[in-house]
Structures are given as structure tokens and as C-alpha cells.
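Notes follow the structure.
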Amino acid sequence: MDDLTRQLSERFGFATFRPGQEAVIRSVLAGRDAMAVMPTGQGKSLCYQLPATLLPGLTLVISPLIALMQDQVTAMKQRKIAAAAFHSSLTGIEKNRVMQELKERRLQLLYVAPERMQHEGFLRLLRSLWVSLLVVDEAHCISQWGHDFRPDYLKIGRLRQELTSPPCLALTATATARVQTDLCQRLSLRDPFRLVAGFRRTNLALSVHLSQARQDKLSTLGRLVRETEKGTILVYCATRRAVEEVAAWLGQSHPSVGYYHAGLSDEERRMVHEEFRRGAVRILAATNAFGMGIDKPDVRLVVHFDIPGSLEAYYQEVGRAGRDGRPAACALLFHERDLATQEYFIEQASKDPEGTDRAGRMKTLLQEMLGYVSTSTCRQLAILEYFSDDAERALGPCGLCDRCVTPAQQPGRSISHKTEVSAKAILETVSWCMGRFGMGRIVDMLRGSRSKALLAYGAENCPTYGICREQTKPVVTGLVKNLIQSGYLRIEGAEYPTLELTSKGREVLQEICAVALPQGEDPQADVSVDKPRRSSAAFAGIAQASVPDRQLVERLRQLRSELAEEEGVAPFLIFHDKTLKAIAGYKPGTPAALLEIPGIGEMKAERYGRRVLAVVNGDQ
């Protein structure tokens, strides 16, 4: 047994290293810079903890994970390793104790939150110490291409210079090739040893569930939770409000439900974290403020109630499932309107004088996330391709995701003639619209909607207008979603998601190939399909929109601000500006007329309709 293996056994209680760990540790001990991209749960922390016990000076770890710091400091002390953490949650007495231990050179390992680099007094003390290894945990945070960019991380490069450039180890669980290149440059890594461990998670069953409305998502969530009889469950939501609503809804039928977001106090977050860790909370709804560094082995289900902003963020969060190696499920619930939240985050970034480039990168990352949602191949393969993991891709499909195992995802050999006609009509409609409309408007066109907005665009001139008039809206919508899932259509755009043809869809219209929908997915094969009926006389009574009344637009904006303040959300999540202008132009007088306005569905009409109509009619 060599010295390294002996130290692993005696100090940490492990008989062997996990894949990649030993190579990284030996590089660090040799004084070489290193970058390691290792999957969640693969033991990244050991790559600096073990060297800290052998190196002569201080191992300094910069990490944004305060909860993880405390856990690891406790674990290190149990192993007789002199470790401490320095961050904003410490009391004054605790901070003074750590400072004294540093001055007396009694620490081997120090965890520091990145914001401490703003404090000159603390930096002065660090500069007086012998830092033998600088560790950057969650290193993707230094890259603006990373999914969790943190400006404080940009100061690490300067800190390293001030510490006389000690060897540096950069660690992360998710980093694309462009993020890896970026972080190596920003940290000035010199000829670093690079380890990119496999991104494949062989025990995770990935799936995407397309939803027509929020209630559909809640129903799917309820079913998934009921089917997960053992272990703990994580539900990620994009906003604090969604977190609390989902937790309240789950709490009606399940015990041990909690929630976590950045709006809670430090003490509240600490208590929730502790209750989840020890199992007092079995189901936790949370924003992405929760989870980094969580090492809970029995998470059996991770649900994304809203679409995340990037594939890196998504894969890191699903990586919290199945850390014990046992099977776990990861489900993403997707509705195209959910993109409005991510659009808001992008809009906020663009308002920052220095955030224009960042906003552009966020749009790119979101587009890549949408590509994963609509992929027609194995989801694990799609992720491996995204991370350029060619070695793992060569091993083939996962055999676990919805694209691999669900019978409905296997191409059918034939569909009914009526379904084929409807499917081709959908593709022709999308082609005719040239990327102008999303799913809802495409369905409305096919069903012959007399929406003023559609008629203003000349929808009645589309050859397929009204061809599915006799089919119900859910049936046509379901067929559109089947075409997306089967790769004939794709969703484009984040601010206003629209439908576009894929090359596969164009081949159908060019009669190079026929539509082949998944088995068991021939919706309402016996419903009738009408010939297009577009008599101009039928629409003679529909008034065209007038120029929006500017004063009415301002009154509607005032109402929108009031509603947004009441609900604690951004105003655009209530109504977009173009929706307000459409209301001011059409001046609907009834709830039914209000439903014809683009951007107003049944839920918004029910929730806000009475007050909107009061403004339009001059009653408010």
C-alpha cells in the first residue's frame, strides 16, 4: 500500500479511489494546476481534502455553498483534520476565532465564500499566509457561459496573483467545452491536468412531459409523487411564488412537505436544509437557491415544474437524484408559456449596462435547453452530445428515458388517413405562418377561429384555415405536440415561442416521406376533417382593430402594475405590452370578446377579466 492509499484508508475510511480521483490528487501534490469536471456525487471534494492533509501550508477553498462548508468542516474535524469556514453567516465571535486560528497557522483547510474577497483586512491576512493550494469549487461560476455566473468569482484570478500564484484546482460538475476553456483562461491555469469524467448517469430515467395548462402540470406532479413511494423528492420551480404554491398544493395530500428559496431568512433556510437532510421533510419544493453541495443519497425523484435556463443547470439539478446508485426518476414538466419567466430573467440581465452580452448568452443557453425538450432521440445521448462526451455517446442509448422505453415513442408503421390529413395540415399551416405563431394560434387557425388578431394577420388566406373545424381543441393540440415529440416540428424563441418546421417536417410536405406517429398516438382517428371553408361573407361582421387608444393603454398599464404588485410578480407576467395594445385597439366589451385577444387565455380571463373590462368600459 503506497502513502496515498494509506492516507485514503486511515483518514477517510475508503479502500479505493473513485474513477479520476487519484489522477487529480497526484497532479495537485506534484504542484500542477488542474481542472476536473466530475459528475455530481463522484467525490470531487476528496480531490482537495486529501492533499490538504499532506501539503505543508494552507489549502484555501473558494465555494458559494455555505451549507456544504459547514457539513464538510464538521466531517473534517471528525477525521482530526484542522478545518474551518469563513462566511457571512458566522457570528462575530466565530469570525474572530477563525482569524486567530489563521494567524497562529493552526488550519490545514479553510473554506471561504467568494464575497469575502471584497474585504481588504481579510485579504491582507491571507497574503501573509503560505497558501499551498487554491481550490475553486463550482468553478463554472467564473464563466459567463456557465449556468450560475457569479461576478465575485471574477476576482479569483487577481487573488491568485496576490497569493504569489499557488497551484490551482478548478472543480465543477457541469461544464461544456466553452465553459472549460473560459474558466481555464480566467484562472490563468498553466498547462493544467484536465479530467473530464463521464457525464452519463446510468441510473437516472429522464423524461419530459408536455402540458397544456398549469393544472395539467399539477396533475402530472401529483401522479409522479404518488408513484414514488420511497425516498425523498425534490421539486424545482423558477420563482419563489411558484415554490410556495406547489408546496401548498402538495401539502394538501402529502405529509412532510417543505419549501426553500432565497426569500427565507438565513435561519429559516438553515432549518429547512437540516430537516431535509435528516428526513423530517420528505418532499421539498425549491428554487435553484437550494441544492448545490447537497449530498443526500436517497433522492428518488427530481421534478422540474418549470423549465430551467440552461442544460447545465438542469443536469446539475437532476444529478441530485440517485446518488446511492439506485434507480431514480427525473421529470421536466413543460408548457411553452413557462418561457415567460426565463424571458423575464433575460430581460433583467439586458437592463444592466454591462449585461447585454450576458443576456445574449442566456438566450443561447435557453435555446439549447429547448432543443433538449424537443429532441426525438435518447435524452441521455442528447446531454452527452451537449457536453461533447464522445466516449460515453459511443456506448449508445440509455434504455431508461422516455424516448427509449415508452412504447408511445416507438415509430408506428401507419396511422389513419384522417390523422395523416390533419398532421399534414398542421405542417402546412406552420410552413405558411413562417415562424409567426406559437402552438395556440396554429391550433386556432386550423379550427377556423374568428379571432380578430388572426384575421388581422390574414389567417383566412391560409389554405388550411378551418380544416380541423370539427375536431376539439385538445385533439388538435395533442396532435401538434405529437409532431413536436416526433421531430416534425420544433419550438423556437424564448421571448415569444413559435413553431417551425424541422427538416423531417419539410420532407413530409415534399412527399419524400410520410408521417409516422408513435404507436398508440393516433388521436381521434374517427373524427371528421372538413374541407377549408373561408367564405368572406362569413366574416363580414368582424370589426377590424383600430389604432390603440393611448390613454386606454396607459390606464391598462396602471392596472397591470396594480395586479403585479398584488401578486408579487413582474408586470409582464400579467400581460405583455402588445396584449395591452391589442385590448386598447379591439376594446372588447364581454368576457368572450376578451378571450379573442392574443395573450389572454381562459385562466387570465377568469383571473383578471372583470377588472380589465371595467377599465375598457370606463368603470375604473
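Computation of the quantities below employed the complete heavy-atom set of this structure, encompassing side-chain atoms and omitting hydrogens, waters and symmetry-equivalent molecules.
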Worksheet entry | Exceeds 12 heavy-atom contacts within 6.0 angstrom, atom CD of Glu227 | yes
Fill in: Within-4.5 Å side-chain heavy-atom neighbours: Thr498 and Phe437
no
Worksheet item: At what distance, to the nearest 0.5 angstrom, does CD of Glu500 lie from CD1 of Ile491?
Response: 11.5 Å
Worksheet entry | Worked check of side-chain contact (heavy atoms from CB on, under 4.5 Å) between Val225 and Val303 | CA-CA 9 Å; Val225 170; Val303 178; 5.8 Å; no
Practice prompt. Write down the atom of Pro308, the atom of Met369, and the distance for their closest heavy-atom approach.
Written response: O-CG, 3.6 Å
Discussion item. Just to verify, what does Arg557 make a salt bridge (Lys or Arg N to Asp or Glu O under 4.0 Å) with, not counting sequence neighbours?
Written reply: Glu554, Asp577
Practice prompt. Determine, stepwise, if the pair His304 / Glu317 fulfils side chain to side chain donor-acceptor pair (under 3.5 Å).
Written response: CA-CA 9 Å; His304 280 82; Glu317 287 159 4; 2.7 Å; yes
Worksheet item: Hey, does the side chain of Arg393 reach the backbone of Leu384 with a donor-acceptor pair shorter than 3.5 angstrom?
Response: no
Worksheet item: Rounded to the nearest 0.5 Å, how far apart are CG of Leu204 and CG of Leu400?
Response: 8.5 Å
Worksheet entry | Residue list, salt bridge (Lys or Arg N to Asp or Glu O under 4.0 Å) with Lys217, at least two apart or on another chain | Asp306, Asp338
Fill in: Pairwise side-chain contact, Leu501 with Arg506, heavy-atom cut-off 4.5 Å (strictly under)
yes
Item to complete: Starting from the C-alpha separation in whole Å, work towards a yes-or-no answer on side-chain contact (heavy atoms from CB on, under 4.5 Å) for Tyr259 and Glu245.
Response: CA-CA 10 Å; Tyr259 65 87; Glu245 288 180 350; over 6 Å; no
Practice prompt. Please report the closest heavy-atom contact between Gln342 and Leu366, naming both atoms and the distance.
Written response: CB-CD2, 3.7 Å
Response to the item:
Those residues at least two apart in sequence (or on a different chain) that pass salt bridge (Lys or Arg N to Asp or Glu O under 4.0 Å) with Asp444 are Arg441, Lys473
Discussion item. Less than 4.5 Å apart, side chain to side chain, heavy atoms only: is that true for Tyr465 and Leu455?
Written reply: yes
Worksheet item: Do side-chain atoms of Thr375 reach the backbone of Gly371 as a donor and acceptor pair under 3.5 angstrom?
Response: no
Worksheet item: How long is the span from the CG atom in Leu499 to the CD1 atom in Ile442, to the nearest 0.5 Å?
Response: 6.0 Å
Item to complete: Using modelled atom types only, decide if a donor and an acceptor are shared between the side chain of Arg611 and the backbone of Leu559 within a distance under 3.5 Å.
Response: no
Item to complete: Give a yes or no on whether the backbone of Ile467 and the side-chain of Thr464 come within a donor-acceptor separation of less than 3.5 Å.
Response: no
Worksheet item: Would a line drawn from the ring center of Tyr372 to the ring center of Tyr386 be shorter than 6.0 Å?
Response: no
Item to complete: List the atom of Cys398, the atom of Gln380, and the distance in Å for their closest heavy-atom pair.
Response: CB-CG, 3.5 Å
Item to complete: Please lay out, stage by stage, how Asp389 and Ile383 fare under the test side-chain contact (heavy atoms from CB on, under 4.5 Å).
Response: CA-CA 9 Å; Asp389 193 339; Ile383 288 172; over 6 Å; no
Discussion item. Once rounded to the nearest 0.5 Å, what's the spacing between atom CD1 of Ile233 and atom CG of Leu250?
Written reply: 8.0 Å
Practice prompt. Determine, for Lys424 against Glu420, whether the closest basic-nitrogen to carboxylate-oxygen distance falls under 4.0 angstrom.
Written response: no
Worksheet entry | Heavy-atom side-chain proximity of Val373 to Leu210 below 4.5 angstrom | yes
Discussion item. Other residues, nucleotides and ligands only: do more than 12 of their heavy atoms fall within 6.0 Å of CD on Gln558?
Written reply: no
Response to the item:
CG of Leu556 to CG of Leu580, rounded to nearest 0.5 Å, is 5.5 Å
Item to complete: Determine the interplanar angle of the Phe199 and Tyr315 rings, folded into 0 to 90°, and report it as parallel if under 30°, tilted if 30 to 60°, perpendicular if over 60°.
Response: tilted
Worksheet item: Would a 4.5 Å heavy-atom cut-off, applied to side chains only, mark Ile583 and Pro588 as touching?
Response: yes
Fill in: Side chain proximity check, Cys462 to Met445, heavy atoms < 4.5 angstrom
yes
Practice prompt. Flag the pair Ile307 / Leu370 as yes when at least one side-chain heavy-atom distance between them is below 4.5 Å, and no otherwise.
Written response: yes
Worksheet item: Would you find a donor on one side and an acceptor on the other, under 3.5 Å apart, between the side chain of Tyr236 and the backbone of Thr287?
Response: no
Discussion item. Do Glu312 and Phe387 make a side-chain contact, defined as non-hydrogen atoms from C-beta onward lying under 4.5 Å apart?
Written reply: yes
Worksheet item: Does Arg379 pair with Asp402 as a salt bridge, N-O distance under 4.0 Å?
Response: yes
Worksheet item: CG/Leu224 to SG/Cys330 distance, rounded to the nearest 0.5 angstrom?
Response: 11.0 Å
Practice prompt. Would you confirm whether Thr181, through its side chain, and Arg178, through its main-chain N or O, come within 3.5 Å as a donor-acceptor pair?
Written response: no
Discussion item. If I compare all heavy atoms of Leu613 with all of Thr590, which pair ends up nearest, and what's the gap?
Written reply: CD1-C, 3.8 Å
Practice prompt. Go through Ser207 and His209 one step at a time and tell me if the side chain to side chain donor-acceptor pair (under 3.5 Å) criterion holds.
Written response: CA-CA 7 Å; Ser207 63; His209 304 258; 3.1 Å; yes
Worksheet entry | Exam field: side chain Arg320 to backbone Val302, donor-acceptor pair closer than 3.5 Å | no
Worksheet entry | Residue pair Val243 / His261: nearest heavy atoms and the distance that separates them | CG1-CD2, 4.1 Å
Worksheet item: So, for Tyr488 and Ala514, which heavy atoms are closest and what is the spacing to 0.1 Å?
Response: OH-O, 3.8 Å
